[in-house]
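Everything below concerns the one structure shown next.
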Protein chains: 2
Amino acid sequence: MSDDITIRVLLADDHPVVREGLCAMLESADGISVVGQASSGEEAVALAARLSPDIVLLDLRMGGMDGVEATGHVLRGSPGSKVVIVTTYESDADILRAVEAGASGYLLKGSSRQELINAVQSAARGETVLTPSLAPKLFRARAVETPPLSERETEVLRLVSQGLTNAEIGRRLFIGEATVKTHLLRAFRKLDVSDRTSAVITALERGLL
Amino acid sequence: MSDDITIRVLLADDHPVVREGLCAMLESADGISVVGQASSGEEAVALAARLSPDIVLLDLRMGGMDGVEATGHVLRGSPGSKVVIVTTYESDADILRAVEAGASGYLLKGSSRQELINAVQSAARGETVLTPSLAPKLFRARAVETPPLSERETEVLRLVSQGLTNAEIGRRLFIGEATVKTHLLRAFRKLDVSDRTSAVITALERGLL
DNA sequence: GGGCCCGTCCTCCATAAGGTCGAGGACAGT
DNA sequence: ACTGTCCTCGACCTTATGGAGGACGGGCCC
């Protein structure tokens with residue numbers, strides 16, 4: 001038997017090429033219909049509220065509002081919709097936040113047509129689907145979950161990333177060098193590193209700067 | 001009047017979604033026909049040699065061989081083909097290298113269907129096309145052109161980026177710490193910085209690691 | 001042969017950075 | 001009023017780093 005109703009999908013991605021590709025892949029499946037396309041998070045939220053689609057396919061990285069934020073807004077504005085995230089990178093700390101925001105699926109852009117279609121259908125049935133290669137990363141990410149950096153720590157780290165010395169940072173922020181070192185040491189602990197270079201790199205990797 | 005011959009295009013991108021999107025966009029135009037798809041640089045080179053397409057659309061970032069390398073190989077293996085690069089990021093130092101390798105066009109994945117079609121048609125006529133927003137970046141990039149890092153310098157810098165100390169790097173590479181410092185200092189000069197943290201960051205920005 | 005770059009190594013030195021301990025004040029939540 | 005977190009600063013110590021100088025052999029190119 002075929003599905004009783006057609007799954008209505010809204011696409012959101014800032015790259016026309018990707019929208020076109022997702023659209024072509026989904027339309028080729030029976031029982032899936034793309035009812036709208038958005039090129040930004042804001043647009044996606046507005047369209048979702050108006051169309052109440054079954055599934056909203058969201059890119060994690062878009063101009064303006066990012067995918068995580070958009071996930072929350074879409075779900076609030078259209079409670080019947082499920083959100084499936086499509087992302088290019090596996091290393092996104094945002095994935096975790098997207099889960100917490102209520103997304104029901106995570107796909108890589110490297111996924112095949114069949115994986116994409118399966119994911120949409122599963123999500124429509126209320127299941128949560130993860131790209132196979134993504135699942136382990138999720139747990140790893142959870143394992144190394146980072147205690148949040150304080151505002152000051154982030155600020156200091158950002159200046160470190162611009163190549164300033166501790167003394168320069170102190171002058172820049174009107175605080176003593178001792179204070180700068182304190183902030184940095186605490187940031188090191190939180191990031192589980194022991195030098196400024198690693199700190200900056202892991203902070204960048206985790207999208208903390 | 002319509003073109004006398006159909007433009008034969010080969011697509012290469014490691015994301016099925018993107019391939020599908022490019023394919024759908026191009027096939028919708030008269031006089032353009034997608035004759036092959038590749039999911040890696042190696043595959044693109046092999047297919048180009050076999051199919052001798054008019055245009056090869058190459059993603060700049062693919063698993064294995066990157067777009068720059070692939071550009072050179074494609075042009076050597078299929079001298080009649082033109083290479084057009086499709087990239088997601090504007091900030092790629094690789095764009096410059098791709099020009100030097102002989103690419104005839106550069107597009108962002110954010111380009112519209114019409115821009116894409118125009119670019120393919122222009123390239124087929126022998127013109128070189130740049131996404132408008134890309135052109136200024138190209139010149140800026142040329143302005144800050146970096147003297148190339150030697151192999152050893154790159155290697156040392158890569159280990160620095162992993163948080164190793166000079167002594168650790170020396171042990172890892174079976175060379176003295178003094179040598180490590182020499183390589184680093186030379187890299188600093190080339191990158192116009194004066195500390196390891198800035199060096200790693202600017203090297204990352206320029207795609208040198 | 002004479003440059004020139006690369007990779008390797010050395011010494012000496014000043015300073016920056018990392019680590020430890022302690023401590024006071026501001027402010028929010030309970 | 002108490003707790004916790006954050007920001008602030010100090011003293012003191014060890015180690016790492018950056019900078020200057022020189023040195024030597026090996027390629028490579030003209």
Side-chain angles (χ1 to χ4, degrees), chain A residues 93 97 100 144-209, chain B residues 72 93 96-97 100 144-209:
Chain A
R97 295 196 290 128
E100 285 157 17
V144 295
E145 200 166 5
T146 312
L149 295 183
S150 78
E151 202 174 320
R152 212 49 163 167
E153 286 156 2
T154 308
E155 204 172 0
V156 169
L157 210 48
R158 194 173 0 246
L159 292 176
V160 169
S161 83
Q162 288 163 24
L164 303 199
T165 66
N166 293 342
E168 286 168 334
I169 295 171
R171 284 195 292 276
R172 185 75 71 90
L173 299 179
F174 306 108
I175 60 179
E177 185 185 346
T179 311
V180 174
K181 291 170 106 180
T182 304
H183 288 310
L184 271 183
L185 283 178
R186 284 208 264 262
F188 291 172
R189 301 280 155 77
K190 290 182 180 176
L191 294 172
D192 193 30
V193 298
S194 60
D195 64 282
R196 50 179 52 221
T197 305
S198 310
V200 167
I201 293 182
T202 74
L204 284 174
E205 277 174 0
R206 304 196 189 164
L208 267 33
L209 294 188
Chain B
L96 253 190
R97 295 195 290 127
E100 285 156 18
V144 296
E145 200 167 6
T146 313
L149 294 184
S150 77
E151 202 173 320
R152 212 49 162 167
E153 286 157 0
T154 307
E155 203 173 2
V156 169
L157 209 48
R158 195 171 1 247
L159 292 175
V160 169
S161 82
Q162 287 163 26
L164 304 199
T165 67
N166 293 342
E168 286 169 335
I169 294 171
R171 284 194 293 276
R172 184 76 71 89
L173 298 180
F174 305 109
I175 59 180
E177 184 185 347
T179 311
V180 174
K181 293 171 91 175
T182 303
H183 288 310
L184 269 184
L185 284 178
R186 286 209 259 259
F188 289 172
R189 302 282 150 79
K190 290 181 181 177
L191 295 172
D192 191 31
V193 298
S194 60
D195 64 281
R196 52 180 49 222
T197 305
S198 309
V200 167
I201 293 183
T202 75
L204 285 174
E205 277 174 359
R206 305 199 187 161
L208 268 32
L209 294 187

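Residue numbers begin at 1 in each chain, while the letters A, B, ... track the order of the sequences.
- Annotation: side chain of A/Arg196 is in contact with side chain of A/Asn166 (closest heavy-atom distance under 4.5 Å).
- At C/dG7, one or more side-chain N or O atoms of B/Ser150 fall inside 4.0 Å of OP1 or OP2 (strictly under the cut-off).
- C/dG18 atom P lies 13 Å from atom CG of A/Leu191, rounded to whole Å.
- Note on A/Arg196: only backbone sugar-phosphate atoms sit closer than 4.0 angstrom, heavy atoms only; bases stay farther off.
- Minimum heavy-atom separation, B/Ser198 to A/Gly163: OG-CA, 2.9 Å.
- For A/Lys181, the listed nucleotide lying nearest its side chain is C/dG18; candidates were D/dC7, C/dC9, C/dG18.
- Residue side chain A/Arg186 reaches the base of D/dT8 through a donor-acceptor N/O pair under 3.5 Å, judged by distance alone.
- Note: CG (B/Leu164) to P (C/dA17) measures 19 Å, nearest angstrom.
- Here D/dG18 is the nucleotide among C/dT8, D/dC9, D/dG18 with the atom lying nearest to any side-chain atom of B/Leu184.
- One can place CG of B/Leu157 at 17 Å from C1' of C/dC6, the figure rounded to the nearest angstrom.
- Nearest to the side-chain atoms of A/Arg189 among the listed nucleotides C/dG19, D/dC7, C/dT8 stands C/dG19.
- You'll find the side chain of A/Val180 stays beyond 4.5 Å of the side chain of A/Leu159, heavy atoms only.
- Between A/Asp195 atom CG and A/Ile201 atom CD1 the span is 8.5 Å, to the nearest 0.5 Å.
- If you check every strand for non-hydrogen atoms under 4.0 Å, B/Ser194 touches sugar and phosphate atoms only.
- At the heavy-atom level, B/Leu185 lies under 4.0 Å from base atoms of the strands shown.
- The interatomic distance linking A/Ile169 (CD1) with D/dC9 (C1') rounds to 16 Å, in whole Å.
- As a whole-Å value, the separation of B/Phe174 CZ from C/dG7 P is 18 Å.
- Taking only side-chain nitrogens and oxygens, B/Arg152 comes nearer than 4.0 Å to OP1 or OP2 of C/dT8.
- Here A/Thr179 lies in heavy-atom contact (under 4.0 Å) with a base.
- In this structure, B/Asp195 places its CG atom 8 Å from P of D/dG19, rounding to the nearest Å.
- Sequence order on DNA chain C of the closest nucleotides to A/Glu177 and A/Thr182 puts A/Glu177 first from the 5' end.
- Taking atom CG of A/Leu149 as the reference point, atom P of D/dC7 lies 10 Å away to the nearest angstrom.
- Taking atom NE2 on B/His183 and atom C1' on C/dG7, their separation rounds to 5 Å, with Å as the unit.
- Under 4.0 Å is where a charged nitrogen must lie from a carboxylate oxygen, and between B/Glu155 and B/Arg152 at least one such pair does.
- Looking at heavy-atom distances under 4.0 Å, B/Glu151 makes contact with sugar-phosphate atoms alone, never a base.
- Here the shortest heavy-atom pairing between B/Ser161 and B/Val200 reads CB-CG1, 3.6 Å.
- When the side-chain nitrogen and oxygen atoms of B/Asn166 are compared with OP1 and OP2 of D/dA16, none of them lie within a distance under 4.0 Å.
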